[in-house]
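Reading through the structure tokens given below for one structure.
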Number of protein chains: 2
Amino acid sequence: MVVTGHTSSGGPAAPQGSQHKPASIRDVAQAAGVSYQTVSRVINDHPNVKEETRRRVEEAIESLGFRRNATAFALASGVTKTVTVLTSNTVLYGYAATLQGLEEAARAAGYSVGVRVLTPEDDLDRTIATAAAAGGGLVVIGFDRLGAAALDRVPSNVPCAAAVEAPPPGRTPPRPAVWVDDRTAARAATEYLLGLGHPTVHYVAIPASTGSRRSAAPRAEGWRQALIAAGVTPPPPTGKGWDAQAGYDAGRKLAGDPDVTAILCGNDDLALGVLRALHHAGRSVPGDVSVIGFDDAPHSQFITPALTTVRLDFQGLGRSAFGLLRGQLESDYQPPEPTLVGPQLVRRESTGSREA
Amino acid sequence: MVVTGHTSSGGPAAPQGSQHKPASIRDVAQAAGVSYQTVSRVINDHPNVKEETRRRVEEAIESLGFRRNATAFALASGVTKTVTVLTSNTVLYGYAATLQGLEEAARAAGYSVGVRVLTPEDDLDRTIATAAAAGGGLVVIGFDRLGAAALDRVPSNVPCAAAVEAPPPGRTPPRPAVWVDDRTAARAATEYLLGLGHPTVHYVAIPASTGSRRSAAPRAEGWRQALIAAGVTPPPPTGKGWDAQAGYDAGRKLAGDPDVTAILCGNDDLALGVLRALHHAGRSVPGDVSVIGFDDAPHSQFITPALTTVRLDFQGLGRSAFGLLRGQLESDYQPPEPTLVGPQLVRRESTGSREA
DNA sequence: GCGAGGATTGTGAGCGGTCACAACACGGCC
DNA sequence: GGCCGTGTTGTGACCGCTCACAATCCTCGC
């Protein structure tokens with residue numbers, strides 16, 4: 001079945017009813033019988049405007065349907081209420097949710113938000129420069145390698161904040177940033193599994209956001225720490241990718257090993273793939289194997305078995321990142337301490353005690 | 001387990017290395033010993049500039065790190081290479097994927113993209129005016145009521161294109177728009193189910209994008225037509241929502257009725273919820289009941305049973321919508337005929353013949 | 001050797017706002 | 001009545017770029 005898409009041109013070629021160009025501040029001034037500066041005062045509500053004058057101007061504004069030209073305002077004032085989000089992905093749950101939270105906060109503050117997707121193909125510096133040229137500030141989503149690289153290259157004179165996977169180890173971060181403590185969360189999840197009686201926990205990793213630094217990926221790190229603290233040698237992590245396919249691939253290998261009874265996954269998509277692989281291999285969840293995801297994507301509670309996972313407050317992350325940026329843009333704005341809901345282990349059906 | 005989020009301020013309070021304000025066209029002119037207009041000519045590559053002059057100017061541009069100020073350019077030229085997407089959602093798969101396709105096309109064409117989320121709370125007209133004030137054009141994602149309403153209210157003098165659920169019945173649409181023929185797709189999916197031997201097919205609907213118009217929702221319409229053509233009286237559609245929870249709620253009711261053996265869902269999330277409800281009711285899929293989704297979200301093939309669904313080319317939809325807008329913005333750009341991949345029924349594990 | 005005409009370059013104005021400052025009005029004070 | 005301070009309004013310049021047009025330079029043909 002192939003049915004093609006359709007287009008409609010939108011009626012007869014654009015007779016365009018009212019093609020008047022929009023009223024300017026001077027048009028309003030003329031209509032109200034005042035100078036353009038007075039109009040400017042009214043729209044910025046300066047205190048010193050006689051009440052009656054103000055009323056006249058406001059009427060003129062109303063009747064002409066005047067709206068201040070954002071471009072001209074930006075040029076003259078140097079203020080651009082704009083955030084551009086740099087991200088390598090817009091569809092994956094973590095990214096999309098962060099973006100959503102950010103957009104909401106930005107909208108509430110009267111900012112408009114732009115999105116610019118990062119790809120390995122195009123020149124990072126050029127991309128950043130273009131985004132920065134829009135005025136306003138940047139928020140970089142640095143969950144992955146590409147985003148982290150972009151963050152490193154933002155020129156120091158452009159306002160910028162970031163949502164990252166983890167703080168850069170040791171050195172003070174180059175930029176204001178927010179993150180959730182998923183190292184601790186991963187550790188707790190692993191301990192939970194251990195507490196259930198599983199002799200060890202295997203880890204299906206998401207790609208690291210930093211180079212090959214040892215101390216990198218916090219989720220992996222938390223998992224490792226928990227195992228070591230329990231006196232267990234961490235098995236080699238697997239996984240190479242973000243999506244369910246990658247999870248499936250990793251899961252196939254793990255499923256073949258009868259000693260594998262507990263698997264922690266770097267995100268819910270991976271977990272979904274793992275679940276699938278386990279199913280194909282005839283191993284039951286949670287009977288034979290327990291699986292934990294990460295992120296708590298909306299559908300995770302509806303799959304069968306419902307996925308035990310770590311809920312992360314991506315929306316809050318996006319909101320906070322915006323606040324951090326706003327703090328740089330508006331001198332009199334003091335960003336609130338980020339109030340993220342902490343990571344939370346959501347126990348559902350994919351985990352169970354080891355029936356030894 | 002509650003672990004809080006973290007922030008880092010980004011080192012000592014912004015010593016801001018090179019706080020020079022960026023070079024302007026006149027700075028470059030001075031450095032190159034020419035007039036600012038010549039610089040303007042170079043950056044717009046006008047033909048009549050002596051080769052040697054051009055070279056000198058280019059060197060000056062390079063050494064000063066000049067980049068044309070986008071705001072000033074927009075103000076002076078009246079050209080804003082900007083698309084603002086109006087959408088009520090950014091996370092649901094159909095929306096996110098459309099946005100993704102659009103962003104990609106826009107980026108390739110040198111446009112920057114803005115996103116503005118529509119909510120029932122804030123004033124539609126004001127929102128639209130704000131978005132339009134950014135210059136550039138609008139693309140409205142009109143899959144739902146809110147989006148469709150927004151589309152209707154975009155003033156006729158602002159360039160705008162739309163991705164919609166279906167063409168407005170009868171009357172020529174107010175705006176250039178793209179859509180996929182999901183009516184036909186729904187019909188084919190229903191016929192497939194009927195062909196499998198199911199006496200009837202139940203439908204779990206997504207919320208309609210138009211008012212209470214009879215001819216509205218194309219997916220529902222296709223389903224209805226297929227049933228009627230087969231001489232079956234369509235059972236009342238259920239469902240009120242977009243997400244898995246809504247699917248689950250609808251699914252519970254359906255699961256209780258032993259006569260229900262085939263269910264078509266308005267999207268994959270609903271299908272997921274339905275699957276879950278069926279599972280809870282102890283009815284097997286596809287043994288007892290067959291389920292078909294709509295959209296083919298990335299995870300649908302990894303759930304168990306893998307979901308039979310209708311794949312829709314949202315990315316193509318986004319790309320085409322952008323093309324349509326671009327056609328209005330650039331007089332010499334002729335948008336290509338949209339080349340969407342047609343809807344396609346992807347048969348997986350959630351459907352099977354009726355074992356009568 | 002000189003004028004025509006195209007190639008090159010420069011000047012002025014303006015996009016639609018803002019800022020800084022000057023000008024004018026008014027009332028109260030001595 | 002003159003002076004001052006405050007409230008109110010208007011003028012000029014400018015943000016960084018584009019447009020339209022004028023000015024200058026060449027090169028060519030006769």
Side-chain angles (χ1 to χ4, degrees), chain A residues 20-58 60-61 64-82 110 129-130 132-136 330-331, chain B residues 20-58 60-61 64-82 129-130 132-136 157 330-331:
Chain A
H20 320 275
K21 71 186 213 175
S24 83
I25 199 184
R26 311 194 191 231
D27 299 328
V28 174
Q30 187 171 12
V34 296
S35 78
Y36 56 84
Q37 176 61 359
T38 300
V39 177
S40 172
R41 289 197 182 93
V42 171
I43 61 183
N44 292 305
D45 30 51
H46 267 254
N48 295 343
V49 177
K50 200 166 25 169
E51 196 45 51
E52 197 236 324
T53 311
R54 178 183 302 273
R55 209 182 33 67
R56 276 220 317 284
V57 171
E58 274 164 354
I61 287 178
L64 292 179
F66 168 84
R67 304 207 115 238
R68 175 225 258 133
N69 179 315
T71 305
F73 172 81
L75 179 58
S77 68
V79 175
T80 321
K81 288 204 156 192
T82 291
T130 310
E330 303 172 27
S331 53
Chain B
H20 321 274
K21 72 184 214 177
S24 82
I25 198 182
R26 309 193 195 233
D27 299 328
V28 174
Q30 188 171 11
V34 296
S35 77
Y36 57 83
Q37 175 60 3
T38 300
V39 176
S40 172
R41 289 198 181 94
V42 170
I43 61 184
N44 292 305
D45 30 52
H46 266 254
N48 294 343
V49 178
K50 200 171 17 172
E51 196 44 50
E52 196 238 323
T53 312
R54 178 184 302 272
R55 208 180 35 67
R56 276 219 317 284
V57 172
E58 275 164 354
I61 288 179
L64 293 179
F66 167 83
R67 305 207 113 237
R68 176 225 258 136
N69 179 313
T71 307
F73 172 81
L75 179 58
S77 68
V79 174
T80 322
K81 286 203 156 192
T82 290
T130 309
N157 60 339
E330 303 172 28
S331 53

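Within every chain, numbering begins at 1; the chains are lettered A, B, ... in the order of the sequence lines, protein sequences first and strands thereafter. Source: prediction; values computed, not measured. These values consider heavy atoms only, across backbone and side chains, with no hydrogens, waters or symmetry-generated copies.
Across all strands, B:S35 comes closer than 4.0 Å to base atoms (heavy-atom distances). Contacts of B:N69 with the nucleic acid, taken as non-hydrogen atoms under 4.0 Å apart, involve only primed sugar atoms and P, OP1 or OP2. Using a 4.0 Å heavy-atom distance criterion, B:T71 is classed as making no nucleic acid contact. Contact annotation for A:R26: base contact, defined as any heavy-atom pair under 4.0 Å involving a base atom.
OP1 and OP2 of D:dT9 both lie 4.0 Å or more from every side-chain N or O belonging to A:N48. Between A:S40 and C:dG17, a side-chain N or O to OP1/OP2 separation shorter than 4.0 Å is absent. Phosphate proximity of D:dC15 to B:K21: absent, as no side-chain N or O sits under 4.0 Å from OP1 or OP2. When the side-chain nitrogen and oxygen atoms of B:R68 are compared with OP1 and OP2 of D:dT18, one or more of them lie within a distance under 4.0 Å.
Between B:K50 atom NZ and D:dC25 atom P there is a gap of 11 Å when expressed in whole angstrom units. When the P atom of C:dC26 is taken as reference, atom CD of A:E52 falls 14 Å away, rounded to whole Å. Atom-to-atom, OH of A:Y36 to C1' of D:dT9 comes out at 12 Å; the value is rounded to the nearest Å. Taking atom CD1 of A:I25 as the reference point, atom C1' of C:dC15 lies 13 Å away to the nearest angstrom. Rounding to whole angstrom units, CG of residue B:L75 and C1' of D:dT18 are separated by 9 Å. Following rounding to the nearest Å, B:D27 (CG) and D:dG16 (P) show an atom-to-atom distance of 8 Å. Rounded to a whole Å, the CZ atom of B:R41 is 11 Å from the C1' atom of D:dT18. Following rounding to the nearest Å, B:Q37 (CD) and C:dG14 (C1') show an atom-to-atom distance of 13 Å.
Of the two residues near DNA chain C, B:T38 and B:A76, the one whose nearest nucleotide lies more 5' is B:T38. Closest-nucleotide positions on DNA chain C for B:S77 and B:R54 were compared, and the one nearer the 5' end corresponds to B:R54.
Checked by atom type and distance alone, the side chain of B:S77 pairs as donor or acceptor with a backbone atom of B:V79 at under 3.5 Å. Looking only at distances, no side-chain donor or acceptor of B:R26 sits under 3.5 Å from a matching main-chain atom of B:Y36.
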- Should A:K50 and A:T38 be marked as a side-chain contact (heavy atoms from CB on, under 4.5 Å) after you check the CA-CA gap, both sets of side-chain angles, and the distance that decides it? CA-CA 10 Å; A:K50 200 166 25 169; A:T38 300; over 6 Å; no
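Remark: A:K81 NZ to B:T130 OG1 distance equals 12.0 Å, nearest 0.5 Å. Note: B:R67 CZ to B:I43 CD1 = 11.0 Å, rounded to the nearest 0.5 Å.
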